[in-house]
Amino acid sequence: MKSKEDKKRVIEILRILYKNYPEAKTALKCSNAFELLIATILSAQCTDKQVNKVMKNLVKKYPSPYEYAYVNPIDLEEDIRTTGFFRNKAKNIIACCKKLIEDFEGKVPDNMEDLVSLPGVGRKTASVVLGNYFNIPSIAVDTHVNRVSRRLGLTSEEKVEKIELDLMKIIPKDEWIFFSNALILHGRNVCKSKKPDCLNCDLNEHCSSRDLFILQ
DNA sequence: AACTCGGGGCA
DNA sequence: TGCCCAGAGTT
């Protein structure tokens, strides 16, 4: 994946993604890093729609880590119930905020190592915060980015950290955030895990897995 | 590596 | 009504 042909293929893929998913250009809108961190923790296994719905109440009720740290877990569970996994998420958010207060002066850290040390925060969540708020280029590899990148032939790795490295080598740095966001949309709408819609996929000419799904 | 959490979306 | 899913923690 370093010949001129491959580079041209990546550029073409990016061009198509820009055309089809212009909304992926704009970073997530959150008024501060803390708000984005909470929203991203909540986003596990649910849609933006579900997250946005509960965030309206959360930003008013819990403007900082200090409000979460001493809330009755039952109350928080109720506030985030509709995002699913609400008991785990409530427990993690409370523990996360206590650690933010104790170890980070109540501020969201701006590096991967410290971010993933927070309860409920893995590499995917950390990458989103770094990329979308701190403007530190990063590629958030969720299940969609993972699956679609491998189908396209942009990586053959399986571990998230190795996939990140492969993608960072071949995707121009300025496009990392957009690339993650666009592949998530493409993975949900077209390149679905069970029945990918290859016939209607605008990337199929540049995809190494296309025949796999069309010939059956 | 497999298992668990869970309400919402969709056929 | 049943199946699947925009992660992370635990064993």
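What's counted below: heavy atoms across the whole structure, side chains too, no hydrogens, waters or symmetry copies. Here the structure is a predicted model, which is why all the values come from computation and not from measurement. Chain naming here is simple, since letters A, B, ... match the order of the sequence lines and numbering starts at 1 in each.
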Between atom [atom1] in [X] and atom [atom2] in [N], what is the gap in whole Å?
X	N	atom1	atom2	answer
A/Asp79	B/dG6	CG	P	15 Å
A/Ile41	C/dA8	CD1	P	9 Å
A/Asn146	C/dC5	CG	P	13 Å
A/Ile94	C/dG9	CD1	C1'	16 Å

In the structure I gave you, are the side-chain heavy atoms of A/Pro73 and A/Lys91 within less than 4.5 Å of one another anywhere? no
Take A/Asp79 and A/Tyr62, measure what side chain to side chain donor-acceptor pair (under 3.5 Å) needs, and give me the verdict at the end. CA-CA 11 Å; A/Asp79 289 333; A/Tyr62 311 91; 2.7 Å; yes
Quick check, are the ring centers of A/Tyr133 and A/Phe34 under 6.0 angstrom apart? no
Could you work out, with side-chain hydrogen bond (donor to acceptor under 3.5 Å, both in side chains) as the rule, every residue matching A/Ser156, not counting sequence neighbours? none
At under 4.0 Å between heavy atoms, what does A/Val51 touch on the DNA or RNA strands: base, sugar-phosphate, or nothing? nothing
NA contact type, A/Lys194, heavy-atom cut-off 4.0 Å: base, sugar-phosphate, or nothing? sugar-phosphate
Does the pair [X]/[Y] count as a salt bridge with the N-to-O cut at 4.0 Å?
X	Y	answer
A/Glu77	A/Lys89	no
A/Arg9	A/Glu12	no
A/Asp197	A/Lys192	no

What pairs of residues pass the ring-ring contact (aromatic ring centres under 6.0 Å, His included) test when at least one of them lies in residues 85-132 of chain A, not counting sequence neighbours? none
Shorter than 3.5 Å, N or O on both sides, protein versus nucleotides 8-11 of chain B: list them out with atom names.
unit_1 : atom_1 : unit_2  : atom_2 : d
B/dG8  : O4'    : A/Gln50 : NE2    : 3.1

So which one's nearest nucleotide on DNA chain C is more toward 5', A/Ser193 or A/Asn92? A/Ser193
Table of protein N/O atoms under 3.5 Å from nucleotides 3-5 of chain B N/O atoms:
unit_1 : atom_1 : unit_2  : atom_2 : d
B/dC5  : O2     : A/Asn88 : ND2    : 3.3

Atom P, compared across B/dG6 and C/dT1: separation rounded to whole Å: 23 Å
Checking side chain to side chain contact (heavy atoms under 4.5 Å, CB included) against A/Val141, which of A/Val160, A/Asp166, A/Thr155 comes through? A/Val160
Out of the candidates A/Leu154, A/Leu212, A/Leu152, only one should pair with A/Cys207 under the side chain to side chain contact (heavy atoms under 4.5 Å, CB included) rule; please name it. A/Leu152
ILVMFWY clustering at 4.5 Å (side-chain atoms), partners of A/Tyr66: A/Ile101
Between A/Lys124 and C/dA8, is there a contact of a side-chain N or O with OP1 or OP2 at under 4.0 Å? no
When pairs are called at under 3.5 Å and a stem needs at least three consecutive Watson-Crick or G-U pairs, the stems of DNA chain B are B:1-5 with C:7-11, B:7-11 with C:1-5
